[in-house]
Amino acid sequence: VERYAEVAVPLPLRQTFSYRIPDELGERVGRGAQVEVPFGRRRQPGFVVDLTEAPRVPPERVKAIARVTYPEPVFDPPILELAEWVAEYYVASIGEVLMAALPGGLRAEPRRRSRTREPERLGLARAPSRLSAAQERVLAPITASIAAERYAAFLLFGVTGSGKTEVYVRAAREALSRGGQVLVLVPEIGLSYQVVERFRMAFGDRVGVFHSGLTKRARQDTWRAARTQEIGVVVGARSSVFTPLPALKLIIVDEENDAAYKQSDVPRYHAREVAVIRAQRANATVVLGGATPSMESFANARRGKFRLLTLPERVDGRSPARVRVEDLRAEESTARRGPVILSRSLASEIAERLARREQIILFLNRRGYAPFVQCRHCGYVARCRDCDVSLTYHRGRESLICHYCGFERSNIQECEKCGMIRIFFGGIGTQRVEEELQALFPRARVLRLDHDTTRRAGSHGRILGAFARRRADILLGTQMVAKGLDFPNVTFVGVIYADGSLNIPDFRSSERTFQLLTQVAGRAGRGRRAGDVVLQTYYPDHYALRAAAAQDFVSFFEHEARNRRELLYPPFSRMVNLLFDGGVEERVIGAASWVADHLRRQPGGESVRFMGPAPQPLSRLRGKHRWHFAMRAPRHAAVRALCEAALDRWASRERRFASVRFSIDVDPMDLL
Ligand code: ADP
Ligand code: ZN
């Protein structure tokens, strides 16, 4: 009998295709094989997801697999099945999911092991000899679960500095000692030095790290070593959730609330959710950790889906930082021209710490000098050619840059609309803060850490290393300074503008703000001296700011949960966002309405709330107009059924929509 293979190709298609297995390839084509197949007039890479004796189309129309491009199966059955779950749940193409699961892209013939470039080491990690009583208390159920080899999910809610990393390391040791393997997910490998270092220190060669300095071949080697169990621990970002680990016993998801776990383009999966499913299927233990749990995970803990473990205090009983909210409105009325950058009270705190030779971290989530340039006479604002955003002025380069697409042009001296020479810089970016610091504290040594100062390889590590060795007094930066850093001599953290993320028009903006502020505040007072934090804001009464100042996650959660429940937003509903984009706006609007009208008429839609179609808040990006249609309902099944209806409708779309791209975002992280 003829044998056939179902092949998934990495194209936005949700079906697989039948191919005949030619005799000469025979044994080499198994499930998980990487192959090349004729597809239309071209050849396409693909992955065999199934073997059958009955093709899905008449046998005479079935073409043959052209070649097998890798000697062994690339995917093991558990990873294939996980990818199938991802494709199904996120309404994605299985071929695209499998492609995303392969770090370094398609597999090439293995050769000798390649040399890898190690990331810079800061030498900051310290290994404590004994766990605190609180750490022991949370570790015990985790190790018991690892020993039982049954699925269990824990939410480890531990304030910054409570010693979570150490708990991860001990849990990993337990899994390894039982012959198991461990997967450690971090939001961004480059911003998680300390976690990576602690694991390297504890397990040396048994750790494989997927970091950005790896060549394609080195990634493949790490992947293979995980698969053959040469290594026991894999540390990596989002896509590492698909690493083959035949003896997987433990998955750790650090900073589980981080938005980086959600892939922002197709396939739009959330690695935390995939990790939980993977643990379930492997009878493994999963630990989701963080200082500010996501609304989703905390709600899951309340519902009993996850077991909540808390570390409410810092190790050694160090006191949490004192947080003060500074009302910029009061300051503004007495201010000179231009925005308030450092309030008098923030400036005097800085002066005090400088005098005491203590270190300072200043946070502003905006790089460049000024987020917009405007004409005082006619109000004209310089905008990106291709995006619906203002251009940011960068001093030094003397240019205006789009932070979304990278478009760059030279700065303007006079208004392009009215010709007047009354251009002014609006808002503040990190460069402007740096300038202000130099003016106020000429002797202070300031390091700036943002996308602009870390373009060159190694510069990120060099800046942090210099600060760690106390070669600078002030570390000023974007959210790069908010994550995972542990500098014991830092006693003060200033947030220049706490409202930045609050003003973003999105249902998660309060949650994001709370998380970010808590994370930044956690950088203060990591050593013996207590820390202080000042948050500058125009909105001191906002509940996210109040809760952040009180460092009270639960009260934030309660308040936010009330809002979300009332408005039927996740985690108290399931949401799907349908995205439409294209170069011609009328076509994009037409397509969005054509699908939306159809969905509104579907039976069973009574429980669903529809939103739109409407332009996305970022209504134009890289020359594409963007519209969306969001749906939310108490149960996933209701919105899921509508996704199928939308896909069917789209499959029969009219010719005039040929230039419009349609995609689906299940459980969106934002509606921007
Ligand atoms: P988190 O990940 O919760 O922010 P860390 O695991 O980074 O906390 O721990 C914070 C600091 O406390 C680190 O410098 C770490 O080395 C130290 N530490 C952790 N556990 C202990 C312990 N049991 N005894 C002493 N110091 C500890
Ligand atoms: Zn742009």
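Predicted, not measured: the structure shown is a model, and the values here were computed from it. Sequential numbering from 1 along the given sequence is applied to the chain's residues. Indexing begins at 1, ligand by ligand and atom by atom, following the structure's order.
- Near Val159, with a cut-off below 4.0 Å to any heavy atom, the atoms of ligand 1 are 3 (O).
- Tested against Phe210 for a side-chain contact (heavy atoms from CB on, under 4.5 Å), the candidates Ile189, Thr243, Val235, Val186 yield a single pass: Thr243.
- Classification of the Phe514-Phe556 ring pair by plane angle, with boundaries at 30° and 60°, yields parallel.
- Note on His403: not counted as a metal contact of the Zn ion (ligand 2), no N/O/S atom lying under 2.8 Å.
- Salt-bridge check for Lys262 with Asp665: passed, with a basic side-chain N closer than 4.0 Å to an acidic carboxylate O.
- Atom numbering of ligand 1 starts at 1 in the shown order; those under 4.0 Å from a heavy atom of Ser132 are 23 (N).
- Residues Arg268 and Ser663 bring a donor and an acceptor atom of their side chains to less than 3.5 Å of each other.
- Interface atoms of ligand 1 facing Thr160, defined by a heavy-atom separation under 4.0 Å, are 4 (O).
- In this structure, SG of Cys402 and SG of Cys405 enclose an angle of 110° at the Zn ion (ligand 2), rounded to 10°.
- Because its NZ or CZ atom is both nearer than 6.0 Å to the ring centre of Tyr369 and within 45° of the ring axis, Arg395 counts as a cation-pi partner of that residue.
- Gly158 does not count as a contact of ligand 1, since none of its heavy atoms falls under 4.0 Å from the ligand.
- When each atom of ligand 1 is checked for a heavy atom of Leu131 under 4.0 Å away, the hits are 23 (N).
- Short contacts between ligand 1 and Arg130, defined as distances under 4.0 Å to a heavy atom of the residue, involve ligand atoms 22 (C), 23 (N), 24 (N).
- The backbone N or O of Val490 lies less than 3.5 Å from no partner atom in the side chain of Glu358, so there is not a single donor-acceptor pair.
- Gln515 contributes atom CD, which lies 10.0 Å from atom OG of Ser501 (distance to the nearest 0.5 angstrom).
- Taking any N or O of Gly163, backbone or side chain, at least one lies under 3.5 Å from an N or O belonging to ligand 1.
- Proximity of Thr165 to ligand 1, defined as any heavy-atom pair under 4.0 Å, is shared by backbone and side chain alike.
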